[in-house]
Amino acid sequence: MARQQHRDQATGGSQRQLRVGELIRHELADMFSRGDIHDPVIQSHLITVPEVRMSPDLRLATIYVMPLGGRDMEKVLEALERNKRYVRGEVGRRVNLKFAPEIRFRADDRFDEAERIQRLLQTPVVQRDLSGEKDE
């Protein structure tokens, strides 16, 4: 059993967790694009949902969001927190699950991490190492 859990954690969860997370992601993207959440901050931003991670018991959904251009991330997260109960109710109604999962909104920082790695790769030390020059 421990071996199975280890493998699931390395791949981001079980097949069921991934499937349910993807269903919730699609529903949230649909809600954002149609303007179902009546909040001026949410309606004034284009919000993408790159990933939803589910807990093993499917009772907690961690939703990663990113406003277009990364602007006003704190305002968007605050607005989503204000509307968390409505979003949870809609997800529970739209996705056929035994329980509506608790919802956590988090900022998606993958773009920041990719930018940081790109800057590191452009530094003179890394460029020297990649080109094969010896420092003597």
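Since the structure is predicted, the reported quantities are computational estimates derived from the model, not experimental observations.
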Are there more than 12 heavy atoms of other residues, nucleotides or ligands under 6.0 Å from atom CZ of Arg93? yes

Testing the basics here: between Ile37 and Tyr86, what is the closest heavy-atom pair and its distance to 0.1 Å? CG1-CE2, 4.1 Å

Can you give me the closest heavy-atom contact between Met54 and Ile24, atom names plus distance? SD-CD1, 3.7 Å

With a 4.5 Å limit on heavy-atom distance, are the side chains of Leu77 and Val65 in contact? yes

By the definition salt bridge (charged side-chain N to carboxylate O under 4.0 Å, His left out), identify the one residue from Arg94, Arg34, Arg88 that meets it with Glu27. Arg94

Separation between CZ of Arg119 and OG1 of Thr123, rounded to the nearest 0.5 Å: 11.0 Å

Side-chain donor/acceptor of Asp36 to backbone N/O of Phe32, under 3.5 Å: no

Are the side chains of Asp109 and Tyr64 in touch, meaning some heavy atoms are under 4.5 Å apart? no

Taking atom CZ as the centre, does Arg16 end up with more than 12 heavy-atom neighbours from other residues, nucleotides or ligands that are less than 6.0 angstrom away? no

Neighbour count >12 (heavy atoms, 6.0 Å) for atom CG, Leu46: no

Just jot down the side-chain hydrogen bond (donor to acceptor under 3.5 Å, both in side chains) partners of Ser55, sequence neighbours excluded, or say none. Asp57

Side-chain donor/acceptor of Thr48 to backbone N/O of Met66, under 3.5 Å: yes

Side-chain heavy-atom pair His45, Asp72 within 4.5 angstrom cut-off: yes

Might you confirm whether atom CD of Gln122 has over 12 heavy atoms from other residues, nucleotides or ligands at distances under 6.0 Å? yes

Looking only at heavy atoms, the pair that brings Asp39 and Val41 closest together is OD1-N, 3.0 Å

Using the rule given for salt bridge (Lys or Arg N to Asp or Glu O under 4.0 Å), can you reason through Arg59 versus Glu102, listing the C-alpha separation, both sets of side-chain angles and the distance that settles it, and then say yes or no? CA-CA 6 Å; Arg59 290 191 181 236; Glu102 287 292 322; over 6 Å; no

What distance separates Leu97 CG from Leu23 CG, expressed to the nearest 0.5 Å? 7.5 Å

Tell me whether Val87 is reachable from Leu60 by hopping between hydrophobic residues (I, L, V, M, F, W, Y) whose side-chain heavy atoms are closer than 4.5 Å. no

Which pair of heavy atoms, one from Arg128 and one from Ser131, lies closest together, and at what distance? O-OG, 3.0 Å

Determine the minimum heavy-atom distance between Gly13 and Leu18, stating which atoms define it. O-CD1, 3.9 Å

Over all atoms of both residues, closest heavy-atom pair of Val49 and Ala29: CG2-N, 4.5 Å

Start with the C-alpha gap between Glu78 and Lys75, add the side-chain angles, then the distance that decides, and say whether salt bridge (Lys or Arg N to Asp or Glu O under 4.0 Å) holds. CA-CA 5 Å; Glu78 288 172 8; Lys75 286 184 186 178; over 6 Å; no

Looking only at side-chain N and O atoms, does Thr62 offer a donor or acceptor that is under 3.5 Å from a partner on Arg104? yes

Determine whether Ile42 and Leu80 satisfy the following criterion, side-chain contact (heavy atoms from CB on, under 4.5 Å), listing intermediate values before the conclusion. CA-CA 7 Å; Ile42 294 172; Leu80 289 169; 3.7 Å; yes

Does a side-chain N-to-carboxylate-O contact under 4.0 Å join Glu22 and Arg25? yes

Separation of Ser14 OG from Leu58 CG (nearest 0.5 Å): 7.0 Å

Any side-chain heavy atom of Gln17 sitting closer than 4.5 Å to one from Gln15? no

